[in-house]
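Here, residue 1 is the first one in the sequence, and each next residue gets the next number.
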Amino acid sequence: MRKIIANFEVPYLQILNENGKFDEKDLPKISEENLKKMYEFMILTRVFDDKAWKLQRQGRLGTYAQMKGQEACQIGSAFALEKNDLIFPAFRENGIFMIKGVLPEMLFRYWAGDERGMQIPSKINIFPISITVGSHLPHAVGAAMAFKYLEQKNVSVVYFGDGATSEGDFHEAMNFAGVYKSPCIFICENNQWAISVPVKEQTASQTIAQKAIAYGFPGIQVDGNDLFSVYKATSEAVARARKGEGPTLIECFTYRIGDHTTSDDSKRYRSENEVREWEKKDPIIRFENYLLQKKIINPALIGKIKSESEAQIERAVSLAESAKPQSPTEMFNYLYQDLTSNLKEQMEQSKRENKVITKNVGASERAVENAGVVGELEEA
Ligand SMILES: Cc1ncc(C[n+]2csc(CCOP(=O)(O)OP(=O)(O)O)c2C)c(N)n1
Ligand SMILES: [Mg+2]
C-alpha cells in the first residue's frame, strides 16, 4: 500500500511590492510615530554602513561586512520585539545593534579591531557578533529553552545567512527548538550569496523556509525588502512563541548589494546586471515612497533625517577614534577562562613588548549612560 500521509505548504508574504503597490487591509498596525522611527533607523543604518565602508578604504577600519540592501530585514524584525527579548546576531546586523541601543561608536570600535566595542552594556539584550557561521544558533535555542524553563515570556531571536543553513549547528538548533517547542525565532537573511556561493549551490531545497517543516514547526518566506512583511511575520512568530506554541523560521528573501566584505570582489562571480536589478528593489526607497504617499514624511523631513544621521555617525567616528587604544595584550582576555600554556607564553611576550597597558574605559561606559534609544522604543 502506498498513500500520502502528509502534505505541506510554504507561505510567501509580500505586502508592499517593488512597484509600491499594497492592499490597505494587509498592512500591519504601526503608529505613524513608529513608522517614522523605523525610517530613521533605516537611514541611520545606511549612513553607518556607507561610512564604515569608506573608513575601511582609508585604512581606519579592519575588514567590514556591509549590510546595504538588508535594512528592512533588520529594522522590520527588531521593531517587532520587546526590550527583554534576547538577540543573537551574525556579523552583518549593525542595524539590529543600533536599534537595541548599542551606540555606533561601539560598532566602529569593534570593526576597527577593538574588542571593547563588543562589551555590550548588560541592560541591552544582544549577544556579541558571531563571525563563526552558524555557531550562535544552538546558543539562541538554549536561551529560549531557559526562558521556557523559567516561565518567562521572553523570546530569543537569531539572525543568520543562507550559508549558515548548511552548517550542522543550524540543523541541531532547529531540531532542539522543534522538539522542546522553544520560544526561538530563526531569521534567515537569504541574501542569495554566501561569499561566492549562490544559494542554488547551497541547498537543493526550493526555499529555506521549508526546512522548518522537517523539524515540526512553521516556516515562512517573506519579501525581505519589504519592511511591512518582515515586521508582520516577526510579530506573528513572536506572538506564537509567547503563547508557548514554539519556534518559527522566517526566510527573508533579500539581496546583498555590496561585496561579501571589504576583502571580497563580487564582480568576479556575479554580474553587475544582477546587482542593478536588485538595486531597483531597494528597501529604503520602497518604504520612503510609501511614507511620502501617506504624507507621513516630506522631502524637507527626509533631508533633516539624513543630515542628522550623518552628523550622528560623524560624531560616533570621532568618539571611536579618540578612545584610548586597547592594549594588544587584551586580546588574550577574550579567548578562554584559563589560558593554555602556549597562549600564556605569547601573552607574556606581548606584555614585554607593549609596555603601555590601557584601562578599559570609553565607549562601553558611555553606552550604559546613553542607551536612550531603547528607552524611546519602550515608550513607543
Ligand atoms: C564556521 C565557519 N565556516 C566558514 C567561515 C567563513 N565564512 C565567513 S562568512 C561565510 C559565508 C556566510 O554566508 P551567509 O551565511 O549566507 O551569510 P552572509 O555573508 O550572506 O550574510 C563563510 C563561509 C566562517 N566564518 N565560519
Ligand atoms: Mg548569504
Side-chain angles (χ1 to χ4, degrees), residues 8-16 22-35 37-38 41 72-89 93 95-96 99-100 125-126 137 140-160 173-174 176-189 207-213 215-224 226-253 287 374 377-380:
F8 301 103
E9 284 178 350
V10 184
Y12 174 78
L13 181 65
Q14 184 186 52
I15 296 172
L16 179 64
F22 59 93
D23 193 333
E24 202 73 44
K25 70 172 179 359
D26 296 333
L27 288 171
K29 289 195 177 29
I30 308 174
S31 69
E32 282 197 10
E33 198 194 337
N34 278 350
L35 287 171
K37 275 194 185 147
M38 290 167 114
F41 270 112
C73 307
Q74 300 191 13
I75 308 305
S77 56
F79 238 83
L81 308 176
E82 284 175 16
K83 184 176 176 264
N84 288 333
D85 296 329
L86 186 54
I87 293 182
F88 292 78
E93 277 69 41
I96 307 274
I99 221 168
K100 283 297 261 189
N125 288 316
I126 187 163
L137 278 81
V141 176
M145 288 165 78
F147 286 145
K148 189 172 177 182
Y149 179 74
L150 296 169
E151 296 181 356
Q152 292 174 355
K153 287 289 168 208
N154 310 329
V155 302
S156 79
V157 186
V158 58
Y159 292 85
F160 52 97
M174 295 274 286
F176 265 91
V179 169
Y180 291 99
K181 277 196 179 304
S182 314
C184 185
I185 322 289
F186 295 87
I187 300 189
C188 179
E189 292 175 76
T207 68
I208 285 171
Q210 73 199 56
K211 292 176 189 287
I213 294 166
Y215 296 104
F217 59 90
I220 179 170
Q221 189 188 69
V222 305
D223 179 344
D226 168 21
L227 187 97
F228 290 123
S229 302
V230 179
Y231 175 83
K232 192 170 188 172
T234 313
S235 304
E236 287 170 0
V238 168
R240 288 189 61 245
R242 289 206 214 285
K243 274 193 278 176
E245 291 173 14
T248 305
L249 169 62
I250 302 171
E251 175 189 357
C252 299
F253 200 82
F287 187 48
V374 171
L377 285 180
E378 269 178 326
E379 286 156 28

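Inter-residue side-chain proximity for I30 and F79 is flagged as unmet; no heavy-atom pair is nearer than 4.5 Å. Residues F217 and F186 meet the side-chain proximity criterion, which asks for heavy atoms closer than 4.5 Å. Within the 4.5 Å cutoff, the side chain of F88 has heavy atoms near those of the L86 side chain. The shortest distance between side-chain heavy atoms of I187 and V230 does not fall below 4.5 Å. Residues E82 and N84 are not in side-chain contact: their nearest non-hydrogen atoms beyond the backbone lie 4.5 Å or more apart.
Here the straight-line distance linking atom CD1 of I126 with atom CG of L81 works out to 10.0 Å at 0.5 Å rounding. Rounding to the nearest 0.5 Å gives a distance of 7.0 Å between SG of C188 and CG of L249. The distance from the CD1 atom of I96 to the CD atom of Q74 is 4.5 Å, given to the nearest 0.5 Å. Summarising the geometry, atom CD1 belonging to I213 is positioned 10.0 Å from atom CE belonging to M174; distances are rounded to the nearest 0.5 Å. Taking CD of E9 as the reference point, atom CD1 of I220 lies at 12.0 Å (rounded to 0.5 Å). To the nearest 0.5 Å, atoms OG (S229) and CG (D223) are separated by 5.5 Å.
Screening residues 227-248 for ring-ring contact (aromatic ring centres under 6.0 Å, His included) gives F228-F287, F228-Y290 as the qualifying pairs, with residues at least two apart or on separate chains.
Under the rule for a side chain to side chain contact (heavy atoms under 4.5 Å, CB included), the partners of T248 that lie at least two apart in sequence or sit in another chain are A237, R240, I250. Taking A72 as the reference, M42, L227, P283 meet the side chain to side chain contact (heavy atoms under 4.5 Å, CB included) condition, with sequence neighbours excluded. Residues passing the salt bridge (Lys or Arg N to Asp or Glu O under 4.0 Å) test with K29: none are found, sequence neighbours excluded. With sequence neighbours left out, the salt bridge (Lys or Arg N to Asp or Glu O under 4.0 Å) criterion links E32 to no other residue. Every residue two or more places apart in sequence or in another chain that forms a salt bridge (Lys or Arg N to Asp or Glu O under 4.0 Å) with E24 is listed here: K294. The side chain to side chain donor-acceptor pair (under 3.5 Å) check on S235 picks up nothing, with sequence neighbours excluded. Residues that satisfy the side chain to side chain contact (heavy atoms under 4.5 Å, CB included) test with E236, not counting sequence neighbours, are K232. D226 pairs by the salt bridge (Lys or Arg N to Asp or Glu O under 4.0 Å) definition with nothing, not counting sequence neighbours. E93 pairs by the side chain to side chain donor-acceptor pair (under 3.5 Å) definition with nothing, not counting sequence neighbours.
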Side-chain donor-acceptor pairs under 3.5 Å in residues 148-157, sequence neighbours left out?
residue, atom, partner, partner atom, Å
K148, NZ, Y180, O, 2.9
K153, NZ, R242, O, 3.3
S156, OG, A140, O, 2.7

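Across all their heavy atoms, P218 and P247 have their closest contact at CD-O, 3.6 Å.
A side-chain N or O of Y159 and one of S77 form a donor-acceptor pair less than 3.5 Å apart.
The closest donor-acceptor contact from the side chain of N125 to the backbone of K83 lies under 3.5 Å.
Atom OH of Y215 has more than 12 heavy atoms from other residues, nucleotides or ligands within 6.0 Å.
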